[in-house]
Amino acid sequence: MSRAQREPGTRPGTDGPGAADGLRAAGASAASDAWAAQVNALGGFIRAQRQMAKLSLREMAALTKVSNAYLSQVERGLHQPSLKVLRSIADALHLDTDQMLSRAGWSFRDEAPGSSAGGAPDAGVPDVEAAIAVDPRLSEEQRAALLGVYRSFVERD
């Protein structure tokens with residue numbers, strides 16, 4: 001096929017202009033799915049922490065000065081809370097704000113997973129978080145609770 005006969009915007013060896021659009025759409029869909037999974041995980045973590053603290057949604061709403069309806073939506077993964085809301089939730093649950101921010105994907109720490117405070121990998125230590133994440137016997141809420149407890153112990157050292 002000559003250059004003049006090809007449709008504008010196509011290249012040889014491609015399926016036409018829709019191929020690039022399809023790849024973009026697939027990438028956007030994957031990013032959207034990853035974002036939704038992250039928001040759901042954060043909400044599950046917040047719910048598990050609230051339940052472990054034996055707080056009702058109303059009690060937590062009073063502590064955070066955020067409506068219980070909004071907190072419910074955050075816990076169900078329907079909303080990504082702002083930094084201000086995350087800080088108030090962390091304070092209400094007596095958690096470190098950095099822990100809450102890292103669950104929200106907003107952590108700016110340079111440490112890689114599996115690294116000690118000095119940055120060197122911990123030799124021979126299994127990746128506890130990965131094991132929790134893939135254990136089929138645990139529900140999402142149980143995973144979030146275990147990860148929260150584990151991280152709170154690890155971050156104290």
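All values derive from a computational prediction rather than experimental measurement.
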Do Leu57 and Arg50 come within less than 4.5 Å of each other through their side chains, counting heavy atoms only? yes

With a 4.5 Å limit on heavy-atom distance, are the side chains of Ile89 and Met60 in contact? yes

Using a 3.5 Å distance criterion without hydrogens, assess whether the side chain of Arg143 forms a donor-acceptor pair with backbone atoms of Leu138. yes

Without swapping roles, check the side chain of Glu59 against the backbone of Ser56 for a donor-acceptor pair under 3.5 Å. yes

Heavy-atom closest pair (Ala61 atom, Asn68 atom, distance to 0.1 Å) is CB-N, 3.6 Å

Heavy-atom pair of closest approach, residues Ala48 and Ala144: CB-CB, 4.4 Å

Are any of the side-chain heavy atoms of Leu42 and Pro81 separated by less than 4.5 Å? yes

Do the side chains of Leu78 and Val85 join up, straight or via other hydrophobic residues, at under 4.5 Å, putting them in one cluster? no

Testing the basics here: between Arg47 and Glu75, what is the closest heavy-atom pair and its distance to 0.1 Å? NH2-O, 3.0 Å

Could you check whether any side-chain heavy atom of Leu63 comes within less than 4.5 Å of a side-chain heavy atom of Leu55, counting everything from C-beta outward? yes

Could you pull out the closest heavy-atom pair between Gly148 and Gln49, with the gap in Å? CA-NE2, 3.8 Å

Any heavy-atom pair between the side chains of Leu93 and Phe45 that's under 4.5 Å? no

All pairs passing ring pair (Phe, Tyr, Trp, His ring centres under 6.0 Å) where residues 71-94 contributes a residue, at least two apart: Tyr70-His79

Atom CD of Gln51 and atom CD1 of Ile46: how far apart are they, to the nearest 0.5 Å? 12.0 Å

Under a 4.5 Å cut-off applied to non-hydrogen side-chain atoms, are Asp135 and Ile132 in contact? no

Can Arg76 and Ser72 be counted as having a side-chain donor-acceptor contact under 3.5 angstrom? yes

Are Leu146 and Val128 grouped together when hydrophobic residues (ILVMFWY) are joined by side-chain heavy atoms under 4.5 angstrom apart? yes

